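For reference, the structure discussed in these notes is given below.
A quick note: this is a predicted structure, and the numbers were derived from the prediction, not measured.
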Amino acid sequence: MSENALDRGIADLCKSWTGLNSDTIVQCRAVLARLTASPRSESWLAELHERKAPTTELYRDPEQGFILLAHVETQGLYRNPHNHGNGWVFYALQHGVVEMSTYGQFKEQVNGEGLVSRGAYTMKAGDCSAFLPGDIHDTFCVSEYSLMFRLTSCDFSEEKRAGRLQQFKPVGRAHV
């Protein structure tokens, strides 16, 4: 059986993964960008577009613990500002258009605790963003649907069980 873009991408991710450092960020972003350019004629990618399942696990590394997922989001789906606890994540858009905003958390005596927008940007096919531990962001699908690869440093369900993931209330999204 011949190797496809997903098999090559997984092999490259395994070679590139050295924990949270600048080299891993740069190399994994490049691998994910190549993965977003995979020909839709490859059966694994055609199936993702056909099924449009909200989440599909593509690979889980038994040694390093990172996970490669495919996510399909439909037009108008908004995910409130959130972080990923002690974990970190890459989002690489294969199809569609997604708006993302990033936020900073603040505390002040008068208004208490809150979020402030750091800005918004539009992700298009081929774009890849990285969010480090504690980074806060939201997502909003503006196209009919989006197919995004999400590479996580760990299983976020464990971060959730440990109470390290945070969800925040919507804060009047900054539109692109």
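In this structure, Val26 stands alone, with no Ile, Leu, Val, Met, Phe, Trp or Tyr side-chain heavy atom under 4.5 Å from its own, directly or through other members.
Residues satisfying the side-chain contact (heavy atoms from CB on, under 4.5 Å) criterion with Glu63, sequence neighbours excluded, are Asp61.
Using modelled atom types, one side-chain atom of Glu42 and one backbone atom of Ala5 make a donor-acceptor pair closer than 3.5 Å. Between the side chain of Ser153 and the backbone N or O of Trp88, at least one donor-acceptor pair lies under 3.5 Å. Using a distance-only test at 3.5 Å, with no hydrogens or angles considered, no donor-acceptor pair links the side chain of Ser146 to the main chain of Met148. Of the possible polar contacts, none joining the His49 side chain to the Glu47 backbone as a donor-acceptor pair under 3.5 Å is found.
Between His137 and Tyr103, the ring centre distance reaches or exceeds 6.0 Å. The aromatic ring centres of Tyr91 and His71 sit 6.0 Å or more apart.
Leu77 and Val72 fall into different hydrophobic clusters, where Ile, Leu, Val, Met, Phe, Trp and Tyr residues are linked whenever their side-chain heavy atoms come under 4.5 Å apart, directly or through other members. A continuous path of ILVMFWY side-chain contacts below 4.5 Å connects Leu35 to Ile10, so both sit in one hydrophobic cluster. Both Trp17 and Ile25 are part of a single hydrophobic cluster, where members link through side-chain heavy atoms under 4.5 Å apart.
Using modelled atom types and a 3.5 Å distance limit, the side chains of Ser101 and Ser117 yield no donor-acceptor pair. For Asp155 and Thr152, the side-chain atoms include no donor-acceptor pair closer than 3.5 Å.
The local environment of CD in Glu50 is sparse, with at most 12 non-hydrogen atoms from other residues, nucleotides or ligands closer than 6.0 Å. The neighbour count for Arg8 CZ, taken as heavy atoms of other residues, nucleotides or ligands under 6.0 Å away, is above 12.
At least one side-chain heavy atom of Arg40 sits less than 4.5 Å from a side-chain heavy atom of His95. Phe90 has its side chain within reach of Arg29: a pair of non-hydrogen atoms, C-beta onward, lies under 4.5 Å apart. Looking at Glu73 and Thr139, their side chains come closer than 4.5 Å, going by heavy atoms from C-beta outward. Lys52 has its side chain within reach of Tyr145: a pair of non-hydrogen atoms, C-beta onward, lies under 4.5 Å apart. Thr24 places none of its side-chain heavy atoms less than 4.5 Å from the side chain of Phe66. Between Val98 and Leu93, the closest side-chain pair of non-hydrogen atoms falls below 4.5 Å. Contact check for Leu151 versus Leu32: side-chain heavy atoms found under the 4.5 Å cut-off. Residues Ile136 and Leu115 have side chains in contact (heavy-atom distance under 4.5 Å, counting atoms from C-beta outward).
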side-chain contact (heavy atoms from CB on, under 4.5 Å) between Tyr78 and Cys141, intermediate numbers included: CA-CA 7 Å; Tyr78 174 65; Cys141 181; over 6 Å; no
Go through it in stages, so that I can follow the logic: the residues are Leu58 and Phe149, the test is side-chain contact (heavy atoms from CB on, under 4.5 Å), and I'd like the CA-CA distance, side-chain angles, deciding distance and then a yes or no. CA-CA 9 Å; Leu58 300 173; Phe149 299 124; 3.9 Å; yes
side-chain contact (heavy atoms from CB on, under 4.5 Å) between Glu99 and Asp138: does it pass, once the steps are laid out? CA-CA 8 Å; Glu99 290 180 0; Asp138 65 8; over 6 Å; no
Could you give me the CA-CA distance, side-chain angles and deciding distance for Leu68 and Leu6, then say whether side-chain contact (heavy atoms from CB on, under 4.5 Å) is met? CA-CA 10 Å; Leu68 178 61; Leu6 179 59; 4.0 Å; yes
Sequence neighbours excluded and cut-off under 3.5 Å, please list the side-chain donor-acceptor pairs for residues 123-135, or say none.
{"from": "Asp127", "atom 1": "OD2", "to": "Lys124", "atom 2": "N", "distance (Å)": "2.8"}
{"from": "Ser129", "atom 1": "OG", "to": "Tyr121", "atom 2": "OH", "distance (Å)": "2.9"}
{"from": "Asp135", "atom 1": "OD2", "to": "Leu132", "atom 2": "N", "distance (Å)": "2.8"}

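The minimum heavy-atom distance linking Arg150 with Val89 is given by the pair CG-CG2, 3.3 Å. Scanning all heavy atoms of the two residues, the minimum distance from Leu45 to Pro39 falls at CD2-O, 3.7 Å. Scanning all heavy atoms of the two residues, the minimum distance from Thr36 to Ala33 falls at OG1-O, 2.6 Å.
Going from atom CZ of Phe140 over to atom OG1 of Thr122 covers 11.0 Å, rounded to the nearest 0.5 Å. Interatomic distance, Gln64 CD to Leu13 CG, rounded to the nearest 0.5 Å: 11.0 Å.
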